[in-house]
Asks: 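Structure below; questions to follow.
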There are 2 protein chains.
Amino acid sequence: MNRPDKRVTRILIVDDHPVIQAGLVSMLATHPEVSVMGSASSGEEALARMEEDMPDIVLLDLRMPGMTGIDVLHAMRQRKASARAIILTSFETDENIYRAIQVGAQGYLLKDTSQREMLQAIATVHAGRKYIPAQIAARLAERMMRSSLTARELEILNMLSKGLTNKQTGKALKISENTVRNHVNSILEKLEVADRTEAVTVAIQQGIIQVAG
Amino acid sequence: MNRPDKRVTRILIVDDHPVIQAGLVSMLATHPEVSVMGSASSGEEALARMEEDMPDIVLLDLRMPGMTGIDVLHAMRQRKASARAIILTSFETDENIYRAIQVGAQGYLLKDTSQREMLQAIATVHAGRKYIPAQIAARLAERMMRSSLTARELEILNMLSKGLTNKQTGKALKISENTVRNHVNSILEKLEVADRTEAVTVAIQQGIIQVAG
DNA sequence: GCGCAGGTAGTAGAGATGTACTATGCGCCG
DNA sequence: CGGCGCATAGTACATCTCTACTACCTGCGC
């Protein structure tokens, strides 16, 4: 609980890739104003570490096996964790950015960020402000313009992407084909696309549905 | 041209992400049997560096602005470069793996690879053998099973993904709607899918078409 | 020169999709 | 309680998609 030096920003790295962990440690280690407390390779480990190490800032990867970064943010919020979170990820779908900010991320960086910018983001967030690069902010705005798909619509969108017809989808969900059609039309309107095929492209592009590798 | 120590494997890192560069340097620096000659942030820089530094192994990212890793491999082959290449990437679409191996990559690693495995891959490739993890090899086999789409089919698949109808596609390509239909049917057969919507999902999933972020 | 792959074009018909409405029941929130 | 969003269901019609064929031309390799 006692901090050795109040001016030093204490960092916890959460990323399942060893090379990223090593890279961040190496990029941050030489700077006296930050101190890397440690690294976690999973969300579960991160939450445990957070209670022990009391970091000021958590650098958080979104895509991890098990808990995702979003899950970790949720858990942090519930536990009223004092640490602030900066998302650090290779991917930047509109949906991911939107969700991360919604559950309380204070910063959002891409993995191609320079050391200089990374340090600046850490300083900014530690000072209590948000750090969202313009490019990311633009995507966030884009996403906030559009209304969200409902749970049912998401479910149906996923079935579209697997090539099910309206009839097959209706049977699978035990609703009529007509109802499926209504939902499909809502999806097309919300995504602002011409047909189900484009809907799938846009949904994947924006991270609304995932394509299991 | 004179190598200080023949037992040392000389490495060139090619990746546009500073954090990955730093991570790889840090993971490899402490090991006496490898020596990192330097890092390049782009394919163009990598090719220049290769002539100067004469590395034994190039650790090559696939996704980079400008030249992709595949482009670099092509250029290396044309110039009959002596260096062997190991692909090091976050992504692993069937198509990327297939293309990389086809143009002469000797290894294929994911960025979640441990330090131990990375060193082993480097040693194996330096000894003249290939290093393909079982998981990657399985995907490669999967890809080799299927016949490739023709240039025309690819073009039409891209238009499908944008929501164009057969008629619109025909007009855009100045061919008849009937011909488009024939191509679409070939696509469905080759991808083994039920309809154009599933075709787009599968094509994106396998890296056959890209979704511009 | 012949076969083969790829691109082109056509026909006919069954079925799926998209559009444009109306309408009901449920649960939530102010 | 009233309004609203959501899920449900329906009808009718125009259009698009998919299937199953046949057919011709070109370029390439054996």
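So you know, we letter chains A, B, ... as the sequences are listed, proteins then strands, and number each from 1.
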Asks: When the distance from CG of B/Leu149 to C1' of C/dG7 is rounded to whole Å, what number comes out?
Replies: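 Computing the B/Leu149:CG to C/dG7:C1' distance gives 15 Å.
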Asks: Check this one for me: any side-chain N or O of B/Asn178 less than 4.0 Å away from OP1 or OP2 of C/dA9?
Replies: no
Asks: Taking N and O atoms by type only, does the side chain of B/Asn182 place a donor or acceptor under 3.5 Å from a partner on the base of C/dA9?
Replies: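 Result: at least one qualifying N/O pair found.
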Asks: Rounded to the nearest Å, what distance is computed from the NZ atom of residue B/Lys174 to the P atom of nucleotide C/dA9?
Replies: 12 Å
Asks: Of the nucleotides C/dA9, D/dT8, D/dT19, which has the atom closest to the B/Ser176 side chain?
Replies: C/dA9
Asks: Testing A/Lys171, A/Arg196, A/His183 for side-chain hydrogen bond (donor to acceptor under 3.5 Å, both in side chains) with A/Asn166, which one passes?
Replies: A/Arg196
Asks: Can a side chain N or O of A/Asn166 be found less than 4.0 Å away from OP1 or OP2 on C/dA16?
Replies: no
Asks: Take atom CD1 of B/Ile187 and atom C1' of C/dG6, then tell me their distance rounded to the nearest Å.
Replies: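 So the two atoms are 13 Å apart, to the nearest Å.
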Asks: Is there a donor and acceptor pair closer than 3.5 Å between the side chain of A/Arg181 and the base of C/dG18?
Replies: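 Yes.
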Asks: Can you check whether A/Lys167 has a side-chain N or O nearer than 4.0 Å to OP1 or OP2 of C/dA16?
Replies: yes
Asks: Please check the phosphate of C/dG6 (OP1 and OP2 only) for any side-chain N or O of B/His183 closer than 4.0 Å.
Replies: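 Indeed not, no polar side-chain atom of B/His183 lies that close.
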Asks: After noting the C-alpha distance and the side-chain angles of A/Glu52 and A/Arg49, does the key distance pass the salt bridge (Lys or Arg N to Asp or Glu O under 4.0 Å) rule?
Replies: CA-CA 5 Å; A/Glu52 271 182 47; A/Arg49 282 291 206 126; 5.9 Å; no
Asks: Grab the two heavy atoms, one from A/Leu73 and one from A/Ala85, that are nearest each other, plus how far apart they are.
Replies: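 Taking A/Leu73 first and A/Ala85 second, the nearest heavy atoms are CD2-CB, 3.4 Å.
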Asks: Take B/Val34 and B/Met118 through the side-chain contact (heavy atoms from CB on, under 4.5 Å) test and state the conclusion after the steps.
Replies: CA-CA 11 Å; B/Val34 299; B/Met118 214 169 273; over 6 Å; no
Asks: If you check the B/Arg152 side chain, which of C/dG7, D/dC16, D/dG10 turns out closest?
Replies: C/dG7
Asks: Write down the distance between CD (B/Gln168) and C1' (C/dG18), rounded to a whole number of angstrom.
Replies: 13 Å
Asks: So, OP1 or OP2 of C/dG18: does either fall under 4.0 Å of a side-chain N or O from A/Asn185?
Replies: no
Asks: In whole angstroms, how far is the C1' atom of D/dC16 from the CG atom of B/Leu188?
Replies: 14 Å
Asks: Ignoring the backbone of A/Ile175, work out which of D/dT8, D/dC18, C/dG10 is nearest its side chain.
Replies: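 For the A/Ile175 side chain, the nearest candidate turns out to be D/dT8.
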Asks: Which nucleotide wins on minimum distance to the side chain of A/Glu177, given the candidates C/dG10, D/dT8, C/dT17?
Replies: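 So the nucleotide nearest the side chain must be C/dT17.
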Asks: Can B/Ser90 and A/Ser90 be counted as having a side-chain donor-acceptor contact under 3.5 angstrom?
Replies: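 A/Ser90 and B/Ser90 do not have a side-chain donor-acceptor pair below 3.5 Å.
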Asks: Distance check needed: C/dG6 P versus B/Glu153 CD, whole Å only.
Replies: 7 Å
Asks: Can you confirm if the aromatic rings of A/Phe91 and B/Phe91 lie within a centre distance of less than 6.0 Å?
Replies: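 Distance test on ring centres: under 6.0 Å, yes.
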Asks: Roughly, in whole Å, what's the span from CG in B/Leu191 to P in D/dC18?
Replies: 13 Å
Asks: If you check every side-chain atom of A/Thr150, which of C/dG18, D/dC6, C/dG6 has the closest atom?
Replies: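 Out of C/dG18, D/dC6, C/dG6, the nucleotide with an atom closest to A/Thr150's side chain is D/dC6.
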Asks: If only side-chain N and O atoms of B/Thr179 are considered, is one of them under 4.0 Å from the OP1 or OP2 phosphate oxygen of C/dG7?
Replies: no
Asks: Given atom NZ of A/Lys190 and atom C1' of D/dA7, what is their separation to the nearest angstrom?
Replies: 12 Å
